[in-house]
Amino acid sequence: MANDVDALISQLTLEEKAALVTGDGFWHTRAIERLGIPSITLSDGPHGVRRQPPEQENGIGGSFPATCFPPAVGLGSTWDAELIERVGEALGEESNALDVQVLLGPGINIKRSPLCGRDFEYFSEDPLIAGELGAALIRGIQSKGVGTSLKHYAANSQETDRFRVSADMDERTAREIYLAGFERAVKDASPATVMAAYNKLNGVYATEDRWLLAEVLRSEWGFDGVVVSDWGAVNDRDAAVAAGLDLEMPESEAGPAAIVTAVRGGSLDEASLDAAVRNVLRLVFDHAHLKADAGTKLAVPDDMVEDHHALAREAASRAAVLLKNDGGILPLAQNASLAVIGEFARNPRYQGAGSSQMEPTRLDDALTEIRRLAEADVPFAPGFTLDGSGDAGELVSEAVAVASSAEVAVVFLGLPSVAESEGYDRQNIDLPANQVALLAAVAQANPNVVVVLSNGSAVRVSNWQGGARAVLEGWLLGQAGGGAIADILFGIANPSGRLTETIPEKLEDNSAFLDFPGRDGHLEYGDGVFVGYRWYDARELPVSYPFGHGLSYTSFEYSGLSMSVDGADASLSVHVSVTVTNTGSVAGREVVQLYVSAPSVQVRRPLNELRGFHAVPLEPGESREVSFTLGYRDFAYFHPVLKRWYVENGPVEILVGASSRDIREQGSVELRVNEPVVPLDRQSSLAEWMKHPGGQQVLAGVMQQAAAQNPAAAGMFQNEELIAMMGSMPLRRIGRFPGVGLTDEAVDALIAQANSAG
Ligand code: BGC
């Protein structure tokens, strides 16, 4: 194949090469018929196939029906890579049925602020979850031959000003948080394409960032697929080719013209263009065999519709998170006296708005599904309208009357579609005021209130949850979410979803509160690596529900933590195992979470960081041993000066539990590693000299000499206060003081001596 591609490249004119690296219309690569180069089709993604009918290929709007699985906010809450891989396989099958060769997903950006309008399309505030679950979806889709597009690379964690804003952060923050998930997904699952984001990173457009695309993605991580622009993300096409962006989407007239001019004018090396053409051709030829024959009817076959709807229901039932369940009010008996309240019960909010919004094959609503399972009549009142129209007083009175007629009132609340979308951010994290007022009125009439939420990212619960005995966070659950909610309410499914984002008590507590959404084209990442639980824990802030939290209808016990350390440095491995037992009376799934606490003497680190997780199904009374293997990177931070992953010697804590704030077992292991030393240079301070192993030796020699010549100088070096005060002063400057007489050349010699000794 490589030879064939190179032979083809040698036959292409410059104009044809430039045309090949831009799209054909919104969704296709360009064919060059004279050389037998076909075109392939790319489509959104990520939680369902959004294949637009050929006559409607305008980027937005209608698509052929396909299964709408839970968006990433829901899938992520399952913490279940095996399930997500199965969803990926189903997406791959539907892509083939709809003649899509590259599905545009998964999106794995970090949820830094709950205000981000597109958080529903992302998995977590934690890069391990984003990377592992993103990798699982890629593996599933690609197992059916279909390519994926890992997006949006990188640091696209807000929508405001997304086409221009610069995400400004230090390299440590980028590496540990905003790039780490991409690194894992690229290395573990080799996506066919990576999508370069709209925004800039530290002042450089992601589509023109050589460091991001060529150095980090390709050289360091070994990515060998196509880098595709987000739709309309190219700013300067020839700069983008030079930086390593292969394919511009969608079709552009300006792009190819700019490339041809730049190559002819000598400002763009044709070899860079050839590299992009080679990548695009490999993608095309790797996937062209999947193309449907001309005239094939594009539709998901009926039996697939059926099977995938069932899978969507299974995924949705594992995604909902039971936040609260006072007195075990849930599950409800099927013959209980129930009332259902809230427009979302009959008019579900099940996916987010924007480019991922697709046409489902079916749509379950919770009201119908509850009525299907309930053994008694279930009265309903909408309680509010989604657009705030109608007579609020009347709607509430009707709801209160319905609630009073039953033993338990199940109230469906949430965010209307317009509240969160791709393209803009939220202004606050509150539920609409009319819904909060409705809940208060219902709770007065009936003490047994169960709230079911529909929202794409965290909402504040602290100002209303006192009115509810149970709260089920239903996120956005896809087309079968209504059935899944009914299954959970009646205990046909046991909730096992866990939070992948902290629910803060109030927006002001969030780490991005003061920065978001930036100004003058810049967004400061002033919270650094302290995002999500890393922030709330470091600041000891109370939260409504911590990262990792989620209740079950059964209970789990942890015991027998055991740990052992093997190897050293790059081959360091720490084996951890723990036993988990289902101590309740129904089957359930526990999500066992492993956190590492690795304090540093050199940098400020989060208290605990998630380093492993397993979703474990357990029958009543059943126990299982769950094992983890941690490597060097799991204990490392990115050293800001050495620009490498770095582990410090010493004890680290291993914590295993049911959430970031519910640790059940913990122990400590001692790490023995070689700690690389920051070399001394002319600007190194006295304190740095005294910490540097070679520097200490060399300085000791200098002090001895000075003391021999001048006893007063010896006293100076023994004066701790003086040393502390002068610690920040570069040795070279001290050398210039009257009477010290250390020339630059002498300092250079000492530096050389110290660095070679240390
Ligand atoms: C979105 C991408 C999407 C693309 C194509 C862009 O606006 O950011 O996620 O894949 O459009 O629809």
Side-chain angles (χ1 to χ4, degrees), residues 69-70 72-88 123-124 126 128-129 132-133 136-137 140 310-325 328 330-331 452 470-475 477-478 480-481 483-501 545-560 577-595 610 612-628 656-660 662-665:
F69 290 97
V73 62
L75 286 182
S77 303
T78 68
W79 296 57
D80 192 335
E82 180 273 332
L83 172 74
I84 292 174
E85 198 164 330
R86 279 196 283 135
V87 169
F123 289 98
S124 182
D126 181 273
L128 176 69
I129 298 191
E132 277 215 1
L133 300 187
L137 201 71
L311 177 59
R313 184 165 178 152
E314 182 187 350
S317 69
R318 290 209 202 154
V321 182
L322 183 59
L323 297 177
K324 160 176 182 175
N325 191 17
L330 291 179
V452 179
V471 179
L472 180 65
E473 175 53 272
W475 299 123
L477 292 179
I485 286 170
D487 288 345
I488 291 174
L489 291 175
F490 289 119
I492 295 163
N494 186 352
S496 58
R498 302 287 185 268
L499 293 179
T500 63
E501 59 197 283
Y545 294 103
F547 175 83
H549 170 79
L551 303 175
S552 165
Y553 296 152
T554 187
S555 49
F556 302 100
E557 255 175 40
Y558 289 63
S559 58
S577 67
V578 70
T579 299
V580 189
T581 306
N582 180 347
T583 50
S585 55
V586 289
R589 300 175 81 80
E590 174 67 327
V591 176
V592 180
Q593 303 163 35
L594 184 151
Y595 297 84
L610 184 75
F613 57 92
H614 287 301
V616 190
L618 290 166
E619 293 298 319
E622 188 184 351
S623 292
R624 282 202 193 189
E625 192 180 86
V626 182
S627 314
F628 301 87
V656 180
S659 89
S660 57
D662 182 7
I663 299 304
R664 306 287 183 85
E665 290 275 284

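Counting heavy atoms from C-beta on, the side chains of Glu501 and Val73 come closer than 4.5 Å. When side chains are defined from C-beta on, Val87 counts as touching Leu137, because their heavy atoms get closer than 4.5 Å. Leu472 has its side chain within reach of Ile488: a pair of non-hydrogen atoms, C-beta onward, lies under 4.5 Å apart. Looking only at side-chain heavy atoms (C-beta outward), His549 and Leu323 come within less than 4.5 Å of each other.
Between Phe547 and Trp79, the ring-plane angle classifies as tilted under the 30° and 60° cut-offs.
The closest side-chain donor-acceptor pair between Glu473 and Tyr545, if any, does not fall under 3.5 angstrom. Defined by atom type and a distance below 3.5 Å, a donor-acceptor pair is present between the side-chain atoms of Thr581 and Ser623. With no hydrogens or angles considered, a side-chain donor-acceptor pair links Ser555 and Thr583 at under 3.5 Å. The closest side-chain donor-acceptor pair between Asp487 and Ser317, if any, does not fall under 3.5 angstrom.
Minimum interatomic distance between Val321 and Gly550 (heavy atoms only, all atoms of both residues): CG1-CA, 3.8 Å. Between Leu83 and Leu311, the shortest heavy-atom distance links the atoms CD1-CD1, 4.3 Å. Here the shortest heavy-atom pairing between Asn494 and Tyr553 reads OD1-N, 2.8 Å.
When the salt bridge (charged side-chain N to carboxylate O under 4.0 Å, His left out) test is applied to Asp126, the partners found at least two apart in sequence or on another chain are Arg534.
Judged by distance alone, with hydrogens and angles left aside, the side-chain atoms of Gln593 form a donor-acceptor pair with the main-chain N or O of Ala658 at under 3.5 Å. The closest donor-acceptor contact from the side chain of Arg624 to the backbone of Glu622 lies at 3.5 Å or more, if one exists at all.
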